[in-house]
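All remarks here apply to the structure that follows.
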Amino acid sequence: MESLQAGFLDFHSVYGFFDFFLPDGMDWLAFVLAGGLVSFIVINVMVMGTGLYTWFERRVIGRMQARLGPNRWGPFGLLQPIADVLKLMVKEDTVPALADRLVFNIAPVILLVPALLVIAIIPFGDDTFLGRLNIGVLFIIGITSVNTIAVLAGGWASRNKYAMIGAMRGVAMLVSYEVPMALSITGVVLIANSLSLFDVVAAQGVPFWLVQPLGFLVFMAAASAEMSRTPFDQIEAESELGAGYHTEYSGMKFAIFQLAEFMAPLVTSIIATVLFFSGTRGWDPIPGQIWFVLKVFVIMFALLWVRATWPRLRIDQIMAFAWKGLFAMALLNIFVVAVEVMLLQDPNTGALTTSDLWLMAAINWGVTVVTIAFMAKVFGSKQWERPVPTPSPLANMYAEAD
Amino acid sequence: MSEMKSEPVILNLGPQHPSTHGVFRLRVTFDGETVVDAEPVMGYLHRGSEKLAEGRSYVQIVTLTDRMDYTASMSNNLAYVSSVEKLAGIDVPERAQYIRVICAELQRIASHLMATGFLLNDLGALATPLMYCFRERERILDMFEMLCGARITLTYMRPGGVLQDAPAEFWPALNTFVNDFPGYLDEIESLISGNEIVLTRTRDVGILTDAQAINASITGPMLRAAGVQWDLRKANPYEIYDRLDFDIPIGALGDTFDRYMVRVLEMRESIKIVEQCIRDIPQGPIRTGTPYFIRPPAGDAYASVESPKGELGFYLVSDGGISPYRCHVRAPSFINITALRDMLVGWKMSDLIIIFGSIDIVLGEVDR
Amino acid sequence: MYGLGLAKGLTITMKNMLMPGRMFTLHQYPDRKIGLLGLAKLEGTNPITYSIKRPLMTLKAMVGLASVEDRMPQHSRFRGEEFSWYEDRCTGCASCAKYCPLGIIRIVTHPSEKAVDEGDKYVLDVFDIDMGRCMFCGLCVEACPYDALHMGSGFEEGKYSRRDLVIDKQRLNDAPKRPSTWFRPQIEGQGFDPQSGDEVDWTKAGRHVKPSREDQQKKWAKR
């Protein structure tokens, strides 16, 4: 294992800090204290960040919808999330009579925890991280799949048909989109030649969204399906199912669902930043943390933009898109990248130079354009020609009434 | 591959549901996500308007008609007062007729905007097209406020004309609106009409053929989307529609997209009509003097207009007294919804919502 | 090409976000949040002069806490609450009560002591309007032959109890006389705007000038 560097916010420096003050033989206490403190900081930062994100989302979507968005509480409406949480806290916490109480209560937590766990291994800066996991990519793919269980548990335990339909759609959709998502990340791993997120960032002499745009597009599509946002928000589908799997939830449990739901785009943007936007890399003198936040911001905005504009697909169209479109595109991406890596990489070290990456980028952009044009043609071949409207012979208003 | 059959699930859509456009209940039998059967259950908003009308004078009933189709009060007023005028033989001054037509067409635009916006909302577009549609509708409601001090429950028309002449500020506002609106409609259309997701969702979905539509006596944009060129404004011109030049847009297939498209095209025609009215409107009185309590001779009359939802008719029977002996409303929403089951069976749940949304019902009118 | 419609949609939403002219005609009630530029414009100066003159307000505006009063501009025909009623014009004929589709106006009168033939009118004992059931159709106003009853222009008459929603003679008399110009062309002809805060005197609210007490007495004495 590589040597752990001391950092701005990482577990080992906090542990070292406590260990310095505590007598020998009390290492375990320092460990517990450091763990508690770091978890506290991470959870609170993420929750506050999500609150801020909800404000940002509502303002931006409000502007796109030609209205203002929240502006009453606090400066520019920044305290709106707090007002929302306060309102939800004083609401009655109802549980349906026939509900499976244990599962019903535990489902929100299952949904929230994975999103927080992912944060533990993200390199926010060169020296700002919690855990330096050498299988970070695998961890992300594994942990983010857990929310399927939460969706199913919430929908099943509610004993509500709407919740059940939402949950069933959710399971089918989330499981399907895991596949293209994992495959698109495989392309990243192939180029980086490592599963560690730090190595992925270090390998991005050229940001990977330039090197493998096809993989990036597949990742973003799959990710927005994973967090069930338009055009893939069939899990909730508020115009069809009320609120989908969390129809029956109220009070703080509902708030936790909402928190997890709004944390998802944040986490997705963070992951996408690390995997495709070269994480903390940027130009001096601006520190890496700032670059990171800026990139997350840009991706979040793009997700919002799409959310505010497009309607929702039907569930069978979503599944068809996953298996017929994204799956094929992701496989093609892996194939092209694998061939390129095999030909270009240094046979001894397995490393790719920046010029290699630029060459790959040029090839992959060509491949992407051709693929998308082909896909558009395939999907668009169903673009029915509208027949010219002809008046039906069954009724003719210009004829004299008999 | 044969379809896997599962146990059917009966789901009550409504009366409280985000997409039933009111308190409508649809008892749907699903096989998985596919609709097997659908049975509309109506009457949650029944207020007995027809019965209430029997105890009110002819002018007072105008206030009841406001509350039937509350997205198109002007058309309701117009249908009702036409019926009373036919019953009592009241003439309407020409200027009043022009103002009525302007109001009815503005109301048609407002109602179609609302229908389009909510159809897109049902499609899951997070209220963005809805907000754009409401932005334009707001301007129409503003003009109604100038005319008669209210935005929804207008009570503007009276037997024998309209209540009050338009104020001075109304005409510039109308001119600006008529000039701007086609541009805004283009914008809304380029957001919706070309959108591939909308096309995938709506094309060939929920087809209602012309024969089905005629058999179920469907009227309005739904009928025209099925390809039947039938519009009371041309077929049986009332007011001054015979002097105006406009087209009746029709659809090709009768699917959900056609129903949307016909509404958009009708809005463009309505703007044309309003333009012609502004150009031609004469000066003169706006109301013939009628007594407060009209006593039509004993008899009956039926008059209908092309409301945004379809043929809206009022059948009034008079016994010579100050209130009608019987008032019956031919409510287009109510009759259009009878074809719901034919369109729904076999489609997915998401399609159910948009097919239902494309009918554009208003529960105030369905239940009355 | 397939897919271009999606991109076009994205440009439309972006255009609407960036162009302030595309906003709803927004009126934030009761107060409107305002920035430094807006404040300076209200004062008629430029932001720099303003910030020197009013540093505290500038700071508030910078953090988005400054607000000014705002209200939806109503058209003068707006049919609102709190009827404007002129007792001097009212004869107690109860046309409004008969014409009301809901029958929510209650009028009780008795002949005045001076008797009608001396030029006086009926005295109103009770004039109640149950606003809880009123639907603001304005038919009562249309029916009033003496232009005594007018629609009001307010909309902030929320009450905690249904009983408080019944407005009686006293409240009608005390209420500010800001009639809506709905179905009152004579007031509209004067260019009256109920939102301006002005009130309309009973002598000006009618279609024709009401004869003075002396004229009336002379007229009636002749008979």
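First the proteins, then the strands, lettered A, B, ... as listed; each starts at 1.
When all heavy atoms of A:Pro311 and B:Leu123 are compared, the pair lying nearest together is CB-O, 3.7 Å.
For the set B:His17, B:Gln16, B:Arg135, the count of heavy-atom pairs under 4.5 angstrom toward chain A peaks at B:His17. The residue among B:Leu223, B:Leu232, B:Asp258 with the most heavy atom pairs within less than 4.5 Å of chain A is B:Asp258. Note on B:Asn121, B:Leu130, B:Asp351: by heavy-atom pairs under 4.5 Å with chain A, the leading option is B:Asp351. Heavy-atom pairs under 4.5 Å with chain A peak, among B:Ala226, B:Gly124, B:Pro18, at B:Gly124.
Judged by distance alone, with hydrogens and angles left aside, the side-chain atoms of B:Thr128 form no donor-acceptor pair with the main-chain N or O of A:Thr309 at under 3.5 Å. Remark: side-chain polar atoms of B:Arg201 are paired, donor with acceptor, to backbone N or O of A:Arg312 under 3.5 angstrom.
With a 4.5 Å cut-off on non-hydrogen atoms, B:Val9 touches chain A through its side chain but not through its backbone. For a residue to count as touching a neighbouring chain, one of its non-hydrogen atoms must lie under 4.5 Å from one of that chain's; by this rule B:Ile250 touches chain A with backbone and side chain alike. Interface remark: B:Leu13 contributes backbone and side-chain atoms alike to the contact with chain A (heavy atom separation under 4.5 Å). Within the 4.5 angstrom heavy-atom criterion, only side-chain atoms of B:Asp255, from C-beta onward, approach chain A. For a residue to count as touching a neighbouring chain, one of its non-hydrogen atoms must lie under 4.5 Å from one of that chain's; by this rule B:Val262 does not touch chain A.
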Original post:
Are A:Arg314 and B:Glu33 close enough, and set up right, to give a salt bridge (Lys or Arg N to Asp or Glu O under 4.0 Å), and what steps lead you there?
Top reply: CA-CA 11 Å; A:Arg314 204 167 61 203; B:Glu33 285 254 352; over 6 Å; no
Original post:
Between B:Thr200 and A:Phe321, is a side chain to side chain contact (heavy atoms under 4.5 Å, CB included) present by the stated rule, with each step listed?
Top reply: CA-CA 12 Å; B:Thr200 326; A:Phe321 185 59; over 6 Å; no
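Shown here is A:Met220, whose CE atom has more than 12 heavy atoms of other residues, nucleotides or ligands within 6.0 Å. Other residues, nucleotides and ligands contribute at most 12 non-hydrogen atoms within 6.0 Å of the CH2 atom of A:Trp156. Residue A:Phe374 places its CZ atom among 12 or fewer non-hydrogen atoms of other residues, nucleotides or ligands, all under 6.0 Å distant. Few gaps surround CZ on A:Arg67; more than 12 heavy atoms of other groups in view lie less than 6.0 Å from it.
Within the 4.5 Å cutoff, the side chain of B:Asn12 has no heavy atoms near those of the A:Tyr162 side chain. B:Met349 has its side chain within reach of A:Arg169: a pair of non-hydrogen atoms, C-beta onward, lies under 4.5 Å apart. Within the 4.5 Å cutoff, the side chain of A:Lys161 has no heavy atoms near those of the B:Phe30 side chain. Taking 4.5 Å as the limit, every side-chain heavy atom of B:Val198 sits out of range of all side-chain heavy atoms of A:Trp310. With contacts defined as side-chain heavy-atom distances shorter than 4.5 Å, the pair A:Ile165/B:Leu11 qualifies.
A:Ile61 CD1 to B:Met131 CE: the interatomic distance, rounded to the nearest 0.5 Å, is 11.5 Å. How far CG of A:Asp316 is from OG of B:Ser350: 8.0 Å, rounded to the nearest 0.5 Å.
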